[in-house]
Asker: 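If you scroll down you'll find the structure; I have some questions about it.
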Amino acid sequence: MREFTARFATDQEIAAWDDHVTANPNGGNMLQSASFAEVKAEHGWRPLHLVHEPADGGQASYNLVLEKKVPALGRLWYMIKGPDVASVEDVPGIAAATAQFVAEQGLDVFALKIEPDVPASEHARAVLARAGLRKSFDIQPNDSTAVLATDADEETVLKSLHSRGRNAVRRALREGCTVERVELTEENMRRMYGLMDTVGQGEANINLRSYDYYAKFWTTFERAGQGRMYFTYEDGEPSVGAYVVAYGRKGTYKDGGSKPRRRQYGDSHLVQWTAVTDLMREHGIVEYDLCGTPPSDRLKDKDHPYYGLGLFKTSFTKSVVDFVGVHDLVLRPARYAAWTRFAEKVQRQLWVRRTGQPFY
């Protein structure tokens, strides 16, 4: 196991946070960004910025940690989509360094949740288990996700699409469907939220956060030059919408919605294709995360809540990646036991009643 040290980032490092995160061994994740830290700071979490440095002098890993105080138990840390590592073998060393740092600083953290973007495998699961990391329930929708490789020219990428997606894009173009990147006005954000709340939410078991949460997310990432919104129209009104993010060399389909019973075939595919090609041209993305499918072994399971979403997203690529998901590092065993037995459920219920928002 490689040894690491952990420390809080300096003010100078925080000021250049995105530069450090996108230079991480795995290229960073938008949920580790300065923009996301700003969003979560207004919605119940305290963002912390940690730096993990290998003892052998190799490349450091910069990781965002979200902290929430839990009455009577102490502090819960959530290293969202982290740690960023080149290999699963580095996760135990970073976890151990974080535990040591917490102890030395007297930070009263009872558990650390991690969810590295490490593909799931028997080997990866064994490495994490040997490090004492306990598998927990997954939190983010893209712990299984379709990823489109975009490290080629547009024609090559178009040809790489599954035939269903490629044909839908071409037909939409032939029939005159148009897609616009729109300004992030209050009216457009309200329209987008309405599209998200129109169809698919119950079927996909997706609980929308408040409009204020999405508006904060969209405007914060747009202000940083990382986010953008697209519409296509039918009868003069938005019929399909998408909000996408470019972070480092990775693109992500963050939010989407559509009206039911539309007449234009392939409009939702063309919205995605327009976003992809724009991000390729303007940001040089090498991959595009369609953000959430059923696990690769359940893509044909019609009972899975993401089945319909999976059909659409795998019409772009059959490359579905299952990540190892969330694992817990127990720092205070008695407090963690109370958390998992009853306190977490209670806190999540209270949080939803008080704020109307998901706990995580």
Asker: Specify the closest pair of heavy atoms between Y214 and K254, including all atoms of both residues, with the distance to one decimal.
Answerer: CE2-NZ, 4.1 Å

Asker: Do the charged groups of E53 and R7 touch, with an N to O distance under 4.0 Å?
Answerer: yes

Asker: Between the side chains of E175 and Q264, does any donor sit under 3.5 Å from an acceptor?
Answerer: yes

Asker: What do the steps show when you test E89 against S87 for side-chain hydrogen bond (donor to acceptor under 3.5 Å, both in side chains), and what is the final call?
Answerer: CA-CA 5 Å; E89 278 78 9; S87 168; 2.2 Å; yes

Asker: Verify the cluster assignment for L31 and L112: are they in a single hydrophobic cluster under the rule of side-chain heavy atoms below 4.5 Å apart?
Answerer: no

Asker: Between F36 and F217, what is the ring plane arrangement, given parallel below 30°, perpendicular above 60°, and tilted in between?
Answerer: perpendicular

Asker: Centre of Y265's six-membered ring, under 6.0 Å away, within 45 degrees of the axis: is that where NZ or CZ of R171 sits?
Answerer: yes

Asker: Under a 3.5 Å cutoff, is there a donor and acceptor pairing between the side chains of Y336 and D328?
Answerer: yes

Asker: Does the side-chain hydrogen bond (donor to acceptor under 3.5 Å, both in side chains) test come out yes or no for D84 and N63, once each step is laid out?
Answerer: CA-CA 7 Å; D84 189 303; N63 296 291; over 6 Å; no

Asker: Validate the cation-pi geometry between R190 and Y211: distance from NZ or CZ to the six-membered ring centre under 6.0 Å, angle to the ring axis within 45°.
Answerer: yes

Asker: Quick one: does R181's side chain have a donor or acceptor within less than 3.5 Å of a partner on Y230's backbone?
Answerer: no

Asker: Can T156 and D153 be counted as having a side-chain donor-acceptor contact under 3.5 angstrom?
Answerer: yes

Asker: Would a distance-only check, ignoring hydrogens and angles, find a side-chain to backbone donor-acceptor pair under 3.5 Å from T232 to T178?
Answerer: yes

Asker: Would you check if the side chain of E222 reaches a backbone N or O of G227 as a donor-acceptor pair within less than 3.5 Å?
Answerer: no

Asker: For I285, does its backbone N or O pair with a side-chain atom of R249 as donor and acceptor, under 3.5 Å?
Answerer: no

Asker: Is there a chain of hydrophobic side chains (I, L, V, M, F, W, Y, each step under 4.5 Å between heavy atoms) that links L128 to I139?
Answerer: no

Asker: Can you name the nearest heavy-atom pair linking V240 to S258, along with the distance?
Answerer: CG2-CB, 4.0 Å

Asker: Should the heavy atoms of other residues, nucleotides or ligands under 6.0 Å from CZ of R223 be counted, would the total exceed 12?
Answerer: yes

Asker: Determine whether W77 and L329 make a side-chain contact, defined as any pair of heavy atoms from C-beta on separated by less than 4.5 Å.
Answerer: no

Asker: Would the number of heavy atoms belonging to other residues, nucleotides or ligands and lying under 6.0 Å from CZ of R354 be above 12?
Answerer: yes

Asker: Would you find a donor on one side and an acceptor on the other, under 3.5 Å apart, between the side chain of E234 and the backbone of R263?
Answerer: yes

Asker: Measure across A120 and R125 and return the closest heavy-atom pair with its distance rounded to 0.1 Å.
Answerer: CB-NH1, 3.6 Å

Asker: Is it true that the NZ or CZ of K216 lies under 6.0 Å from the centre of F221's six-membered ring and within 45 degrees of the ring axis?
Answerer: no

Asker: Does L299 reach the side chain of V320, with side-chain heavy atoms less than 4.5 Å apart?
Answerer: yes

Asker: Are any non-hydrogen side-chain atoms of D267 and L270 less than 4.5 angstrom apart?
Answerer: no

Asker: Starting at OG of S315, measure out to CG of L161 and round the result to the nearest 0.5 Å.
Answerer: 7.5 Å

Asker: Find out whether W17 and H49 are in side-chain contact, i.e. whether some heavy atom of one side chain is under 4.5 Å from a heavy atom of the other.
Answerer: yes

Asker: Using the rule that Ile, Leu, Val, Met, Phe, Trp and Tyr join whenever any side-chain heavy atoms are under 4.5 Å apart, tell me whether Y243 and V182 fall into a single cluster.
Answerer: yes

Asker: Answer yes or no: does atom NZ of K69 have more than 12 heavy-atom neighbours from other residues, nucleotides or ligands under 6.0 Å?
Answerer: no

Asker: Do side-chain atoms of T317 reach the backbone of L148 as a donor and acceptor pair under 3.5 angstrom?
Answerer: no

Asker: Quick one: pull up CG in L311 and NZ in K302 and give me the separation to the nearest 0.5 Å.
Answerer: 8.5 Å

Asker: If you define the side chain from C-beta out and look only at heavy atoms, does anything of K135 sit under 4.5 Å from D138?
Answerer: yes

Asker: Are a donor atom and an acceptor atom from the side chains of S33 and Q226 found within less than 3.5 Å of each other?
Answerer: no

Asker: Measure the shortest side-chain to side-chain distance between I80 and E115 over non-hydrogen atoms and say whether it is less than 4.5 angstrom.
Answerer: yes

Asker: Whether the H52 and T5 side chains hold a donor-acceptor pair (N or O, under 3.5 Å, no angle test) is what I'd like checked.
Answerer: no

Asker: Keeping the roles fixed (side chain from N167, backbone from S163), state whether a donor-acceptor pair exists under 3.5 Å.
Answerer: yes

Asker: Distance from C291 atom SG to D255 atom CG, nearest 0.5 Å?
Answerer: 8.0 Å

Asker: If you group Ile, Leu, Val, Met, Phe, Trp and Tyr by side-chain heavy-atom gaps below 4.5 Å, do V179 and M196 land in one group?
Answerer: no

Asker: Cation-pi check, K68 to F359: give yes when NZ or CZ is under 6.0 Å from the six-membered ring centre and within 45° of the ring axis, no otherwise.
Answerer: yes

Asker: Quick one: closest heavy-atom pair of R191 and P238, and the distance?
Answerer: CD-CG, 3.7 Å

Asker: So, Q272 versus Y288: side-chain donor-acceptor pair below 3.5 Å or not?
Answerer: yes

Asker: Looking only at side-chain N and O atoms, does S210 offer a donor or acceptor that is under 3.5 Å from a partner on D212?
Answerer: no

Asker: Nearest 0.5 Å please: distance from the CZ atom of R2 over to the CD1 atom of I94.
Answerer: 8.5 Å

Asker: For residues D18 and A34, report the shortest heavy-atom separation together with the two atoms involved.
Answerer: OD1-N, 3.0 Å

Asker: Using a cut-off of 6.0 Å, state whether more than 12 heavy atoms not belonging to Q59 lie near its atom CD.
Answerer: yes

Asker: Mind checking the CH2-CZ spacing from W339 to R335? Nearest 0.5 Å is all I need.
Answerer: 13.5 Å

Asker: Is M30 linked to L48 within one hydrophobic cluster, defined over Ile, Leu, Val, Met, Phe, Trp and Tyr using a side-chain heavy-atom separation of less than 4.5 Å?
Answerer: no

Asker: Crowded around R209 CZ? As in, over 12 foreign heavy atoms under 6.0 Å?
Answerer: yes

Asker: Let me confirm one number: the NZ-OH distance from K81 to Y78, rounded to the nearest 0.5 Å.
Answerer: 7.5 Å

Asker: Give a yes or no on whether Q100 atom CD has more than 12 heavy-atom contacts from other residues, nucleotides or ligands under 6.0 Å away.
Answerer: no

Asker: What are the two closest non-hydrogen atoms of P294 and G310, and how far apart are they?
Answerer: CD-CA, 3.8 Å

Asker: Run R281 and E154 through salt bridge (charged side-chain N to carboxylate O under 4.0 Å, His left out) and show every step you take.
Answerer: CA-CA 9 Å; R281 294 168 190 161; E154 291 178 20; 2.5 Å; yes

Asker: In this structure, is the centre-to-centre distance between the rings of Y213 and H43 below 6.0 Å?
Answerer: yes

Asker: Could you tell me whether the side chain of Q32 and the main chain of L64 form a donor-acceptor pair under 3.5 Å?
Answerer: yes

Asker: Hey, does the side chain of N26 reach the backbone of G28 with a donor-acceptor pair shorter than 3.5 angstrom?
Answerer: no

Asker: Please check: side-chain N/O of D56 versus main-chain N/O of G58, any donor-acceptor pairing under 3.5 Å?
Answerer: yes

Asker: Does CD in E3 sit with more than 12 non-hydrogen atoms of other residues, nucleotides or ligands closer than 6.0 Å?
Answerer: no

Asker: Are the side chains of N29 and K250 in touch, meaning some heavy atoms are under 4.5 Å apart?
Answerer: no

Asker: Given the side-chain rings of H269 and F316, with only the six-membered ring counted for Trp, is the space between their centroids under 6.0 Å?
Answerer: yes

Asker: For residues F101 and F8, establish whether the separation of their ring centroids is below 6.0 Å.
Answerer: yes

Asker: Heavy atoms, side chains only, cut-off 4.5 Å: are V326 and F137 in contact?
Answerer: no

Asker: Looking only at side chains, do T252 and D289 share a donor and an acceptor under 3.5 Å apart?
Answerer: no

